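Here's the structure we're looking at; comments come further down.
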Amino acid sequence: MHLFQKHFCAIAMSMWAVSAACAAPLVEPTLHIKPEAGGNGRVALTLDACGGRTDTRILSALVENKIPATIFVTGIWLKRNAAAVEIMRAHPDLFELENHGGRHVPAVDTPQKIYGIRAAGSPAAVLAEVESGAAALAGTGGPAPKWFRGATAEYSPSAIAMIRKLGFKIAGFSINGDGGSLLGAKETARRIAAAKDGDVIIAHINQPTHAAGEGVVQGLLALKDKGLTFVRLDEADGVGNNGTTD
Ligand SMILES: [Zn+2]
């Protein structure tokens, strides 16, 4: 995606027409939490619920092992997964629900596709995605969301500035745990188990039929065995790049 855009942009520039496609390239911001002084280290687990269903293998493991997590939910997912939402709301000590948008469209304000998903395509559509996600969450009776993560976790820089103005911090990550839920169980477990003090892990909790979910559970249990502490984004100082948190 990045390469294509840069290439296209170069062609457009050489033809003396600076088109809208030459807007700044998309960014995939990182996020870290402040490392722990002493101790075995802290990591933040973030799980996206883009659409679809609930991976109860993961949800049950989190509850049974008392592993806190920040769950990024869309309006679409909230509508279809009332039972899972109820479990999460029943464990406010474990689950923080944050904003993954209303309809799971990338927070990119120019028309294009990212991993095959059509971007919001305009500033107004980005605004609608962020605000409808927050409104859907408010409808479940929990605290107002403070963090936003767009579909595909890629953004146009101008969209980042806009979302920050709305009052949200933007949640990047430092470890891609499950490769969009498409990795096998073994590789997913290996990636997550490799997390170190200060890392922010991203994985998915909405693909119950994928092998990756099994790997998410294995990786988390390995981290727990090593004595790492799990924190949520609302209790850690998250530091991101590309103007996502400052
Ligand atoms: Zn998503």
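These values consider heavy atoms only, across backbone and side chains, with no hydrogens, waters or symmetry-generated copies. Start at 1 with the first residue, then count along the sequence. Counting convention: from 1, in listed order, for ligands and their atoms alike. None of the values given here were measured: they were computed from a predicted structure.
Between the T74 side chain and the G102 main chain, no donor and acceptor come within less than 3.5 Å of each other. With hydrogens and angles disregarded, no donor-acceptor distance shorter than 3.5 Å links the side chain of R232 to the backbone of A236. A donor-acceptor pair under 3.5 Å is absent between the side-chain atoms of D109 and the main chain of Y155, judged by distance alone.
For the atom pair CD of E98 and CG of D48, the computed distance is 11.5 Å after rounding to the nearest 0.5 Å.
Protein N/O/S atoms found under 2.8 Å from the Zn ion (ligand 1), listed by chain and residue number: C50 SG, H100 NE2, H104 NE2.
Screening I170, T244, I202 for a side chain to side chain contact (heavy atoms under 4.5 Å, CB included) involving R149 leaves a single residue, I202.
Under 4.0 Å is where a charged nitrogen must lie from a carboxylate oxygen, and between R190 and E187 at least one such pair does.
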